[in-house]
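Data block below; observations after.
Small disclaimer: the values here were computed from a predicted structure and weren't measured.
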Amino acid sequence: MRTYSYFIHDDRYSVPTLHFAVVPDEDRARELARRQLMSSPHYQSIEVHENGRAVFRQERSGFHA
């Protein structure tokens with residue numbers, strides 16, 4: 001299992017919210033990020049990191065690898 005950090009950018013706050021996910025692989029991490037992003041209309045983007053390294057970023061308007 002791998003641990004990913006999710007930095008969720010919310011239009012109500014100036015600082016991203018931090019969440020963690022322990023999942024088997026990057027594909028699952030991406031799937032969870034998309035679900036999280038769509039769970040609130042206030043979420044504008046989400047950055048996913050593993051071991052302090054940016055893995056990907058997703059915005060409401062599309063996906064950025």
Side-chain angles (χ1 to χ4, degrees):
M1 298 297 268
R2 297 160 64 177
T3 302
Y4 291 88
S5 305
Y6 291 70
F7 296 91
I8 303 167
H9 298 269
D10 187 313
D11 63 8
R12 298 170 291 183
Y13 309 109
S14 60
V15 176
T17 301
L18 175 61
H19 287 254
F20 295 98
V22 178
V23 294
D25 55 38
E26 189 175 316
D27 289 337
R28 181 71 174 139
R30 288 175 183 263
E31 178 184 334
L32 290 177
R34 285 194 272 289
R35 285 186 190 177
Q36 185 71 36
L37 184 61
M38 292 298 150
S39 70
S40 171
H42 294 283
Y43 296 164
Q44 301 303 302
S45 65
I46 187 166
E47 296 175 38
V48 179
H49 294 231
E50 183 183 27
N51 297 322
R53 179 184 65 85
V55 177
F56 64 95
R57 174 184 174 96
Q58 181 159 350
E59 298 180 30
R60 277 200 170 279
S61 61
F63 177 76
H64 301 278

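Under the side chain to side chain donor-acceptor pair (under 3.5 Å) criterion, E26 pairs with R30, not counting sequence neighbours. Contacts of S14 classified as side chain to side chain contact (heavy atoms under 4.5 Å, CB included), with partners at least two apart in sequence or in another chain: none. In this structure, the ring pair (Phe, Tyr, Trp, His ring centres under 6.0 Å) partners of H49, at least two apart in sequence or on a different chain, are F7. Under the rule for a side chain to side chain contact (heavy atoms under 4.5 Å, CB included), the partners of Y13 that lie at least two apart in sequence or sit in another chain are D10. For R2, the side chain to side chain donor-acceptor pair (under 3.5 Å) test picks out Y4, E50, with sequence neighbours left out. For the side chain to side chain contact (heavy atoms under 4.5 Å, CB included) test, no residue two or more places apart in sequence or in another chain qualifies with N51.
Tested against H9, the residues E47, Q44, E59, H42 include a single side chain to side chain donor-acceptor pair (under 3.5 Å) partner, E47.
Here the closest non-hydrogen pair linking R57 and S45 is NH2-OG, 3.1 Å. Taking both residues in full, the closest heavy atoms of Y43 and R60 are given as O-NE, 2.7 Å, listed atom of the first, atom of the second, then distance.
The line from OG of S39 to CG of L32 is 11.0 Å long, rounded to the nearest 0.5 Å. From R35, atom CZ reaches atom CD1 of I46 across 12.5 Å, with rounding to the nearest 0.5 Å.
Salt bridge absent: R34 and E31 never bring a charged side-chain N and a carboxylate O closer than 4.0 Å.
Between R53 and V55, some side-chain heavy-atom pair lies under the 4.5 Å cut-off.
For Y6 (side chain) and A29 (main-chain N/O), a donor-acceptor pair under 3.5 Å exists by modelled atom type.
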